[in-house]
Amino acid sequence: MIKMIVRPKGTNDILPQDIWRWHKLEAMVHEQCACFGFKEIRTPIFEETGLFQRGIGEATDIVEKEMYTFEDKGGRSLSLRPEGTASVVRAYIENNLAGASLPVKLYYLGPMFRYERPQSGRYRQFHQFGVECFGTLEPTLDAEVIMLANELYHKLGAKNVVLKLNSIGCPDCRTKYIAKLQEELKKEHDKLCPNCQRRSTTNPLRVLDCKEEMCQATITSLPKIKDYLCPECSDHYEKLKHILQIWEIPYIEEPRLVRGFDYYTKTVFEFSVESLGAQNAVGGGGRYDKLVEEIGGPATPAVGFAMGIERTLLSVGETWEKAPDLDVYIVTIGDEAREEALLQLIKARKKGLKAEMDILGRSVKAQFKQAGKSGARFCLILGSDELKEGKIKLKNMQSGEETQLPKDDWLGGVNK
RNA sequence: GUGGGCAUAGCUCAGUUGGUUAGAGCGCCAGGUUGUGGCCCUGGAGGCCGUGGGUUCGACUCCCACUGUUCACCCCA
């Protein structure tokens, strides 16, 4: 027996019965971005491995163990993109997009790849929508990105979305803070969970994010980064919060919020929903003022955001109502009606109507049943009786009401 | 990479201390109605019980391995 080949672990087929959710979300994304003056960019799905090593950080989990890295026939090391920012930054530099007027506001939409154990809301191939803007330190830009995301979640119908906000400072103040943090963590070492004991050295900021009961008291007593921000970072953070207030965007200050990429500076934020279980972050982002430079471009401050599409759909998709697939289903009665039905079918489709007819030669009852299932708004009934007089019947499937019309003049009855 | 749960019809799930012919609901198809969907009634199709091994007279049921899947940890969208 031939072994059945199935889809790779952590990937999904998006089936015809579900694709409308994706189309709907994508349409809203394009509309929202147009509204905020963002232009779409499409970059390759794989890049030179070094781009991600430099951009995301050599020591992050993503680069260390989650990348799909392979060698091509020319001996180049390439990797499937695990996130979108590095590629967009590369494209921004390579194509000299800075040549246009600043700020440059871009967005992207597409698959990302990370080799992880799949679980609810986490897949090896998943999709992100993201925005990146380049060219100014102004906190208004941070706020604009947050505004775009926040409004999009609301338009999508997300309930109980919470915006968490923090500033992790620039390399200067953060370095000082981490040193202080590690000093304190060393003192409290015995009171921490095994994970945090390890994190104290590998990734001290992550300790702040620990959910273990036994760590909570210690975490609360640890120094807050807020108290270590340099005047510039502190001022930036205050101005950002002020703008968010002007725009009436609710947020929660979350001094413990840290994010997984090394490139963030100053502002970091995250959107989460309660209903999703452990993987409850539906999007996040922040400012990255050093990244463009690190990748080899001119020093350029920037802000970005990325939304997990699967997670977002999980949290909102069920509440959406599907638009009908069909405007009209043509029911034929008797063989002589079929030829006329073929003519009417193509006439309807040429007018842009979504139209179908039975091609399996089923009974009248079965045809109506099919029409009902398809959600067709109307049935066009072609029977030998009607056709003798050059008429057809149009049945409204919701009300059940039938009207008789001349056979070449029924399209008007299907008012959109 | 670590730990737990699960695997029976298209879907959701029953299946007794191991016993011969594996069930239900929903869905699908047909008929009841030779020209009318949704409700109702009747009938039908559809299963290597995840794969491989073991125990047994006998395994969907017990044991082992593998695979898949799922949840959680790590980390992240």
Side-chain angles (χ1 to χ4, degrees), chain A residues 1 3-12 15 17 56-57 59-66 81-85 109-130 149 193-196 198-199 202-203 205-206 209-212 258-261 270-273 276-285 304-315 326 329 331-334 337 358 360 362-387 393-402:
Chain A
M1 195 167 90
K3 189 177 174 249
M4 184 60 194
I5 295 174
V6 296
R7 60 179 198 271
K9 192 196 256 299
T11 62
N12 287 111
L15 300 173
Q17 68 249 31
I56 300 168
T60 56
D61 271 27
I62 290 184
V63 169
E64 222 167 58
K65 51 187 198 194
E66 293 176 3
R81 60 182 186 194
E83 57 101 50
T85 302
L109 191 62
M112 307 291 163
F113 306 84
R114 292 181 202 170
Y115 189 88
E116 296 181 279
R117 286 279 281 267
Q119 72 188 68
S120 179
R122 178 163 75 197
Y123 311 100
R124 289 186 173 179
Q125 174 173 343
F126 62 103
H127 296 76
Q128 285 187 335
F129 149 64
C193 71
N195 260 330
C196 286
R198 183 178 50 78
R199 281 189 284 229
T202 59
N203 196 347
L205 288 177
R206 273 273 153 213
D209 206 26
C210 182
K211 286 134 204 146
E212 284 290 332
V258 289
R259 296 185 49 78
F261 304 130
E270 194 170 284
F271 292 89
S272 60
V273 294
L276 282 188
Q279 309 301 323
N280 65 355
V282 291
F305 159 80
M307 166 193 278
I309 295 181
E310 282 85 352
R311 286 184 188 179
T312 302
L313 284 176
L314 273 177
S315 74
L326 273 187
Y329 190 98
V331 172
T332 61
I333 301 161
D358 172 65
L360 300 180
R362 285 197 266 210
S363 69
V364 175
K365 177 176 170 163
Q367 290 183 59
F368 273 101
K369 210 172 164 183
Q370 194 62 37
K373 249 189 323 201
S374 73
R377 295 154 58 228
F378 290 91
C379 267
L380 189 65
I381 305 165
L382 307 186
S384 40
D385 295 352
E386 288 86 353
L387 289 177
K393 268 189 196 156
L394 194 61
K395 175 169 178 173
N396 181 315
M397 291 300 276
Q398 231 154 39
S399 64
E401 178 195 358
E402 290 182 19

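Quick note on labels: first sequence line is chain A, next is B, and so on, each numbered from 1.
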- To the nearest angstrom, the CZ-P distance between Phe368(A) and G38(B) comes to 11 Å

- Starting from P on G38(B), measure out to CD on Gln367(A) and report it in whole angstrom. 14 Å

- Message: How many whole angstroms separate atom CG of Asn280(A) from atom C1' of A77(B)?
- Response: 11 Å

- Item | Identity of whatever pairs with G35(B) - Watson-Crick or G-U, under 3.5 angstrom | none

- Message: If I pick the P atom on C11(B) and the same atom on G27(B), what distance separates them, to the nearest angstrom?
- Response: 15 Å

- Taking only the side-chain nitrogens and oxygens of Lys369(A), find out if one of them lies under 4.0 Å from OP1 or OP2 of G31(B). no

- Query: Roughly, in whole Å, what's the span from CZ in Arg117(A) to C1' in G4(B)?
  - Reply: 11 Å

- Message: If you only use heavy atoms from C-beta on, which nucleotide in C29(B), G37(B), C74(B) is closest to the side chain of Lys365(A)?
- Response: G37(B)

- Query: Taking the side chain from Glu386(A) and the backbone from Ile381(A), do they hold a donor-acceptor pair closer than 3.5 Å?
  - Reply: no

- Rounded interatomic separation in angstrom, taking CD from Gln370(A) and P from G35(B): 19 Å

- Strand partner of A7(B), provided both Watson-Crick or wobble distances fall under 3.5 Å: U67(B)

- Query: Glu401(A) has an atom CD; how far is it from atom C1' of U36(B), in whole Å?
  - Reply: 15 Å

- Hey, does the side-chain of Glu386(A) have a donor or acceptor N/O within less than 3.5 Å of a partner on the base of G35(B)? yes

- Glu310(A) side chain to His127(A) main-chain N or O, any donor-acceptor pair under 3.5 Å? yes

- Under 4.0 Å between a side-chain N/O of Arg7(A) and OP1 or OP2 of G68(B), yes or no? no

- Query: Just checking Arg259(A): base, sugar-phosphate only, or nothing, at a heavy-atom cut-off of under 4.0 Å?
  - Reply: sugar-phosphate

- Message: Would the base of U36(B) count as contacting Glu402(A) through its side chain, where contact means a donor and an acceptor less than 3.5 Å apart?
- Response: yes

- Query: What's the closest nucleotide to the Lys65(A) side chain, out of C74(B), A30(B), G35(B)?
  - Reply: C74(B)

- Message: For the P atoms, the ones on U56(B) and on C66(B), what distance do you get once it is rounded to whole angstrom?
- Response: 24 Å

- Task: Go through the N and O atoms of the side chain of Lys395(A) and the base of G37(B), and report whether any donor-acceptor pair is under 3.5 Å.
- Result: yes

- Give one of base, sugar-phosphate or nothing for Tyr123(A), where a contact means two heavy atoms less than 4.0 Å apart. base

- Identify the nucleotide, in any strand shown, that forms a Watson-Crick or G-U wobble pair with G1(B), with both distances under 3.5 Å; if there is none, say none. C73(B)

- Message: Can you tell me which nucleotide in C75(B), A72(B), G35(B) comes closest to the side chain of Glu66(A)?
- Response: C75(B)

- Check for a donor-acceptor pair, side chain of Arg362(A) on one end and backbone N or O of Gln367(A) on the other, with a separation under 3.5 Å. no

- Query: Are the side chain of Arg81(A) and the backbone N or O of Pro111(A) linked by a donor-acceptor pair below 3.5 Å?
  - Reply: yes

- Please state whether the base of A77(B) and the side chain of Arg122(A) form at least one donor-acceptor pair under 3.5 Å? no

- Item | Nucleotide nearest Ser384(A) (side chain, heavy atoms from C-beta), chosen from G35(B), A77(B), A30(B) | G35(B)

- Message: Quick check for you: among U36(B), A30(B), A77(B), whose closest atom lies nearest to any side-chain atom of Arg311(A)?
- Response: A77(B)

- Across every strand shown, the nucleotide meeting Watson-Crick or G-U wobble geometry with G47(B) (both distances under 3.5 Å) is none

- For Glu270(A), answer base if it contacts any base atom (sugar-phosphate contacts may also be present), sugar-phosphate if it contacts only those atoms, and nothing otherwise; contact means non-hydrogen atoms under 4.0 Å. nothing

- Task: Check the distance between C75(B)'s C1' and Arg124(A)'s CZ and give it to me in whole angstrom.
- Result: 14 Å

- Message: In whole Å, measure the gap between the P atoms of C40(B) and C48(B) for me.
- Response: 31 Å

- Counting N and O atoms only, with roles assigned by atom type, does the side chain of Arg114(A) sit under 3.5 Å from a partner on the main chain of Gln125(A), one being a donor and the other an acceptor? no

- Task: Could you tell me the separation between the CG atom of Leu394(A) and the P atom of G35(B), rounded to a whole number of Å?
- Result: 20 Å

- Any donor-acceptor pair under 3.5 Å linking the side chain of Arg311(A) with the backbone of Val282(A)? no

- Message: If you compare every side-chain N and O of Gln119(A) against the phosphate oxygens of A72(B) (OP1, OP2), does one of them come in below 4.0 Å?
- Response: yes

- Task: Remember a base hit wins even if backbone is also touched, and classify Glu116(A) as base, sugar-phosphate or nothing at under 4.0 Å, heavy atoms.
- Result: base

- Item | Watson-Crick or G-U wobble mate for G23(B), both contacts under 3.5 Å | C13(B)

